[in-house]
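Down below is the structure, laid out as structure tokens.
What you are looking at is a predicted structure, and each value in this text was computed from that prediction instead of being measured. So you know, we letter chains A, B, ... as the sequences are listed, proteins then strands, and number each from 1.
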Amino acid sequence: MRTSKCIALTVLGTVLCLLHVFLQTEIVKFGYEINSASQILDTQKDKQTSLQFVLSSMQSPLNIDKSLSSDKDVYQLPDSFKLVKLSPAGSSVDSGMTAPDRAAPVLRRFAFSTFFTGRQAEARTIK
Amino acid sequence: MGLLFLFLGRLVFIQFFSSDFLVNLAKKQHSYYLEIQPKRGAIFDRNMRPLAVNVVTFSLYAVPPQIKDKDMVASELSRILDLDADFVIERLSRKKQFVWLSRKLDWDLMQKVKALDLDGLFFIKESRRSYPDSTLASQLIGFAGLDNIGLEGLEMEYDSYLKGKSGWTIVLRDAKKRELALSDILQPPVNGFSLVLTIDQMVQYIAEREIEKIFDKYKAKGAVIVVMDVKTGEVLGLANRPTFDLNDPSRYPDDARRNRAVTDYFEPGSVFKIVTAAAALDEGRFSVDDEIFCENGEYKVANHILHDVHPYGKLSFKGVIVNSSNIGTTKIAQELGAKSIYYYARLFGFGSSTSSGMPGEVTGVLKPPDVWSKTSIGAVPIGQEVCVTAIQLAAAISSIANNGVYMKPFVVRSIVDNKGEVIKSFNPELKRRVMSDETAAKLTDILESVVTEGTGKMGASKIFRFAGKTGTAQKIDADGRYSHSKFMASFIGFAPAESPEIAIVVMVDEPRPYYYGGVVCAPAFKAVAEDVLKYMHLSEKEKISEVN
């Protein structure tokens, strides 16, 4: 009885010790995982800070001004120009479309006058 | 048996006599003390747009014994980092375990070096102070050095708030020196507080844009533009020329780092006539319609002969200021007396610091009447024998715009922690009444006429009503005499005249070939005032389309 009790206690003690060792190794493993995760987080945060700085720099009016003036060829005023005369809006003849006659349904006339080219002026180029 | 006893004896010795030493040795190997640097507080403009931030950078170091092919490493690094190959080889040839190769590299460069996958090269993360607007308000903001300590400007003045406090921890590591996240931070770092300035990034930009134009156009030695909110004393923009890039200050001469608006004083010339005019009207000794004989352009004060640019006969009080007659102003001052001029000059804030919170501010020079010479009454009232700063002028003209009330100029609105909680706020401070409401209104009317029909015509706007005063002061040569080739041109004013919002000072040091304040500075005043007012009249939503 005493022997079996002793064996049982020894086994229990061994199991507890093994469990303790296991838990310790798990803690260390977690430590590594936490470390690598926090490193990734830090890297992303650092990247975010860098990008925010780049963004702020780009948004700076000084830099916008510089980038616009460096591309000033794009904004060069034309040497010659053409006058564009717009026909009065609603002139269906100018737009090349036939306007619905007065007998057409109200909805169709509304749609034509609101959305279609009948409401849009045609640009004519005059030298 | 003997061996066993020897073994046991050694065990007992280790357990009872060497344990402390060995435990300490193990602790040293497992763990190390790490100082955690705090984050330096940011600097924002009034709309929380960042003006100074911290960016992570990477400093490259090498362990020379681990590098086999030094020539190859040197050539690769010199290609990517633009380093001198001989410098890299010299560093790698040192018999050391640690040598710096390049400090504070940005992300892209770090990635390029890492991609080489070279043995013996390592990076340490460091924080670098960075300024998104590079040259914008550089003299005002100042900069922090490599160790994140403020060296100039507000970075230096408010360093104790910005720098924060270091923390420390004990870090555990294994045999391969891999760190384990098992220890708590024993003393967490306290990050620095952030500054919120009164400066508006857009107003600052407008001021910088215009100052750049006149600085270049008139090949000036220096220039300053100050934009101030007349009702609160908040400095909305403060631009200096020459200037420098905050991200690379060492490339520029020391001269470019000076915040001339507060560190440089100069004889103001005719802009100082606002003091004489205010004194005369406020004391009730003159009315705007009183006639003053301007001696047809030549007038003797003691042994000194005064001249006007154009000879005038009789001019009204208003006409004297509008046409900037030196003789008329002197005759007004002679009526008032030296004490009165001095009294009002002090009320306007001349001869004392404005306490604006900017480092290096000087008081200027304003001699008390008892040390005035016989000619001083013909000099001080027209802005000679007196020295002022641009910030003093801005505060002075603001007091006319603000119904005669002098507001203390300031540049820092608040100090906030990293959660945005206000730690300290700086509110507008009413210092004193300089003149009555009525006097301020009369002066405003006179100053408006200066722009519409007087010396400041080139500052007139088709959109807004402006009020202002021109100034052209001769500088003093090395021999102590007034120069005939070196001038200080200036224009001070406010807008809109009917309901003032902003005051602007434009000052140009030694402009060439033109040097009149009305020619050199008034157009810049107009350009700044028009754009700033248009911007200020936008809704808050339109102003800040996107804030991080």
Pairs meeting criterion salt bridge (Lys or Arg N to Asp or Glu O under 4.0 Å) with involvement of residues 33-52 of chain A, two or more places apart
A:D46-B:K125
Distance only, no hydrogens: is a donor on one side chain within 3.5 Å (strictly under) of an acceptor on the other, for B:S59 and B:E126?
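A donor-acceptor contact under 3.5 Å links the two side chains.
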Checking heavy atoms, do the side chain of B:N54, its backbone, both or neither come under 4.5 Å from chain A?
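Only the backbone of B:N54 comes within 4.5 Å of chain A.
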Heavy-atom cut-off 4.5 Å, strictly under: side chain, backbone, both or neither for B:T135 against chain A?
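It is both, since atoms from each part get that close.
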Check A:L62 against B:Y205 and note the closest heavy-atom contact, atom names and distance.
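Minimum heavy-atom contact is N-CD1, 3.9 Å.
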Expected list for residues 239-247 of chain B: side-chain donor-acceptor pairs under 3.5 angstrom, two or more places apart:
{"from": "B:N240", "atom 1": "OD1", "to": "B:R260", "atom 2": "N", "distance (Å)": "2.8"}
{"from": "B:N240", "atom 1": "ND2", "to": "B:N259", "atom 2": "OD1", "distance (Å)": "3.0"}
{"from": "B:R241", "atom 1": "NE", "to": "B:E212", "atom 2": "OE1", "distance (Å)": "2.6"}
{"from": "B:R241", "atom 1": "NH1", "to": "B:E208", "atom 2": "OE1", "distance (Å)": "2.8"}
{"from": "B:R241", "atom 1": "NH2", "to": "B:E208", "atom 2": "O", "distance (Å)": "3.4"}
{"from": "B:R241", "atom 1": "NH2", "to": "B:E208", "atom 2": "OE1", "distance (Å)": "3.0"}
{"from": "B:R241", "atom 1": "NH2", "to": "B:E212", "atom 2": "OE1", "distance (Å)": "3.1"}
{"from": "B:T243", "atom 1": "OG1", "to": "B:S138", "atom 2": "OG", "distance (Å)": "3.0"}
{"from": "B:T243", "atom 1": "OG1", "to": "B:Q139", "atom 2": "NE2", "distance (Å)": "3.3"}
{"from": "B:D245", "atom 1": "OD1", "to": "B:N247", "atom 2": "N", "distance (Å)": "2.9"}
{"from": "B:N247", "atom 1": "OD1", "to": "B:Y131", "atom 2": "N", "distance (Å)": "2.8"}
{"from": "B:N247", "atom 1": "ND2", "to": "B:Y131", "atom 2": "O", "distance (Å)": "2.8"}

Mind ranking A:S60, A:S50, A:S36 by heavy-atom pairs under 4.5 Å with chain B and telling me who comes out on top?
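Answer, by heavy-atom pair count under 4.5 Å with chain B: A:S60.
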